Amino acid sequence: MLERLNTESLPRLPADVEKPLYDRSRLTPGIVHLGLGAFHRAHQAVLTDLAMQASGDLSWGILGVSLRSAATRDALTPQDGLYTLALRDGGPDGNTREQLRVVGSVLRVMVAEEDPNAVLERIAYPQTRIVSLTVTEKGYSHEPATGYLRWDDPDILHDLENPHRPRSTIGILVYGLALRRERGLPPVTLMSCDNLRGNGDMLRSLVLAFALRVDVALTAWIDTHCTFPNSMVDRIVPGTDDEDRQRITGRLGVEDAWPVVGEPYLNWVIEDKFAAGRPAWETQGGATFVRNAAPYERLKLRMVNGPHSTFAYLGALLGHETISQSVQTPALRDFVDAMMRLEIAPTLKGIPDSGLEEYRRRFLARIANAALRHPTPQVAMDGSQKLPQRLLDTIRDRLRTGDDIQRLTLAVAAWLHYLRGVDEQGGRYVIQDPLAARLAKLMSRADVAARASAPSASAHRRAMVLASFKPVFGELGKSPEFVEALATHLETLREHGVMHAVEAAT
Ligand code: CS2
């Protein structure tokens with residue numbers, strides 16, 4: 001059996017593998033991180049590791065929390081929190097390059113579901129100064145269209161009744177902060193790194209809304225003392241598979257059961273408002289600190305995530321397994337390219353055209369990276385939580401100015417068409433979405449309504465029913481222009497398929 005990657009085997013790694021050069025036995029925890037998935041381990045954890053290495057300030061160790069699954073804890077505990085980040089791309093000669101770094105900033109991993117109280121205790125630990133989050137869009141218990149807390153969410157209802165055993169992200173944060181306040185400890189920064197518009201502002205309003213139901217004085221304390229910087233993170237990090245694990249283990253010479261794989265590109269922009277200090281994340285050109293992250297967020301959600309989701313739905317319908325396969329399909333690429341240039345870029349005011357042009361080109365090159373096997377379903381999942389900030393905001397802006405929304409609406413139609421659960425070759429797949437059951441009902445309601453209408457009205461009827469789904473579309477469903485465009489595209493997708501639809505809309 002191969003030796004495991006851990007404190008003991010660290011000194012024996014090959015010379016071409018970077019590793020922490022500081023004394024890990026002197027690390028102390030300063031950050032509690034909720035949602036220790038690949039995304040976090042490929043950006044914040046790495047930049048924290050590099051910042052500690054460069055500054056010598058070892059007080060920013062990360063205490064990672066997985067909300068439900070024990071897999072990360074079980075894999076990282078025997079590794080003393082160590083894991084490898086592999087950055088992959090195709091080099092100038094077209095051959096895959098892979099650069100490895102073993103990351104040392106994660107001290108320990110806990111599973112909230114097993115022992116929620118231990119997580120609350122950690123938030124209320126005197127040394128904790130930042131509580132950060134990557135819990136994905138669906139981890140906030142909010143309504144996607146409005147950003148408001150969903151009071152009917154079963155986890156939120158549970159947490160209002162069970163202050164000592166919370167299971168929602170918001171419940172865990174509020175009860176953890178309550179404990180801090182009770183103990184007279186200083187405030188902390190709560191930093192969301194998820195792909196949501198105004199992620200910090202939204203987190204703040206969700207936390208305050210829940211806190212208000214718990215204790216008014218606590219709400220005022222959080223409001224006055226804790227900070228919630230908005231942030232934007234951009235790095236493509238597909239889920240790790242067995243092939244990655246084997247390849248990386250082969251290069252390390254010791255077994256890493258839980259590495260992460262990502263692209264070399266990284267852009268992390270954060271508002272510099274930290275209640276109790278922060279690591280020097282700007283080290284080595286890492287993060288950029290700004291006063292207002294909104295323009296960066298808007299740019300990224302619209303010009304990166306919107307097109308990414310579009311490639312995912314159109315590609316999934318064609319039966320493409322990876323995102324790069326979709327990007328390498330000329331008709332899809334031309335369509336998305338036109339959507340970015342003609343419908344998304346004009347909504348991004350204040351950024352020079354040349355900057356947007358460069359940004360678009362770079363994004364298309366990044367996702368064409370075949371060295372990064374990004375499975376289509378990973379991007380396609382949770383569409384109900386992603387579409388509002390990725391595509392629908394842009395559509396709203398364009399409707400307000402009377403501009404064309406044809407291409408953006410085809411992307412939305414592709415999502416709805418994808419929800420039927422079958423691709424153009426007849427291949428079936430499961431819809432992964434927290435609202436999957438409601439969406440399935442919506443789809444059949446739309447079918448029934450379409451069948452009950454006269455043939456000339458059925459496409460319109462279907463689109464009206466689908467667009468009336470408020471949790472995703474909000475008031476947009478009432479726009480005649482949007483419903484009409486949706487009806488046309490859904491009909492084309494049904495009758496003639498993806499290739500015809502994208503060619504007609506490019
Ligand atoms: C992707 C993102 O999974 C998805 O929905 O669009 O994770 C994307 O890879 C990152 O946001 C890129 O920064």
Side-chain angles (χ1 to χ4, degrees), residues 35-47 85 87-89 133-140 144 192-197 199 230-241 260-270 286-288 293 296-316 320-327 332 336 339-340 344 359-360 362-394 411-412 414-415 418 431-435 472:
L36 203 73
F39 195 38
H40 168 78
R41 292 192 296 130
H43 70 90
Q44 187 185 331
V46 191
L47 289 193
L85 169 67
L87 299 180
R88 281 168 77 77
D89 67 353
L133 296 86
T134 43
V135 291
T136 80
E137 296 88 341
K138 62 175 172 277
Y140 290 80
S192 161
C193 291
D194 282 300
N195 285 320
L196 291 158
R197 64 174 106 75
N199 52 11
N230 292 301
S231 74
M232 179 284 285
V233 192
D234 194 3
R235 169 167 272 173
I236 297 174
V237 187
T240 311
D241 61 24
V260 288
V261 177
E263 60 174 338
Y265 179 87
L266 171 63
N267 190 8
W268 188 18
V269 177
I270 320 164
T288 308
Y296 303 89
E297 256 179 7
R298 193 179 309 119
L299 171 66
K300 195 256 170 170
L301 287 168
R302 295 185 180 195
M303 280 287 259
V304 168
N305 295 113
H308 214 194
S309 290
T310 309
F311 275 121
Y313 298 121
L314 294 170
H320 292 332
E321 283 174 15
T322 64
I323 296 291
S324 63
Q325 263 173 289
S326 298
V327 184
L332 296 196
V336 176
M339 178 176 86
M340 293 174 80
I344 302 177
Y359 194 84
R360 178 177 58 80
R362 193 174 45 208
F363 168 67
L364 291 170
R366 285 169 58 202
I367 55 167
N369 178 357
L372 220 56
R373 261 187 61 85
H374 203 172
T376 308
Q378 284 180 12
V379 181
M381 74 193 289
D382 299 344
S384 69
Q385 316 290 304
K386 292 175 174 173
L387 255 62
Q389 60 278 14
R390 294 183 178 206
L391 293 165
L392 304 181
D393 282 349
T394 321
V412 179
W415 170 60
Y418 167 86
I431 303 301
Q432 298 179 64
D433 194 299
L435 301 187
V472 171

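All values reported here derive from a predicted model rather than from experimental measurement. Order of appearance sets the numbers: ligands from 1, and atoms from 1 within every ligand.
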4.5 Å side-chain heavy-atom contact, Leu391 and Thr310: yes
Within-4.5 Å side-chain heavy-atom neighbours: Arg197 and Pro388: yes
Residue from Glu263, Arg235, His308 passing side chain to side chain contact (heavy atoms under 4.5 Å, CB included) with Arg366: Glu263
Gap between atom CE of Met340 and atom CZ of Arg302 - 0.5 Å precision: 13.0 Å
Nearest-0.5 Å distance that lies between atom CZ in Arg390 and atom CG in Asn195: 5.5 Å
Contact check: Arg366 vs ligand 1, nitrogen or oxygen atoms, below 3.5 angstrom: no
Nitrogen or oxygen atoms of Asn195 and ligand 1 under 3.5 Å apart: yes
Atoms of ligand 1, numbered as shown, that sit under 4.0 Å from any heavy atom of Gln378: 3 (O)
Sub-4.0 Å atoms of ligand 1 with respect to non-hydrogen atoms of Lys386: 3 (O), 4 (C), 5 (O)
Closest protein heavy atom (residue, atom, distance) for atom 11 (O) of ligand 1: Lys300 NZ, 2.7 Å
Heavy atom of the protein closest to atom 1 (C) of ligand 1 (residue, atom name, distance): His308 ND1, 3.3 Å
Sub-4.0 Å heavy-atom approach of Arg390 to ligand 1: yes
Per atom 13 (O) of ligand 1, closest listed option by heavy atom (Ile367, Asp194, Asn305, Asp234): Asp234
Heavy-atom neighbours of Tyr296 OH exceed 12 at 6.0 Å: no
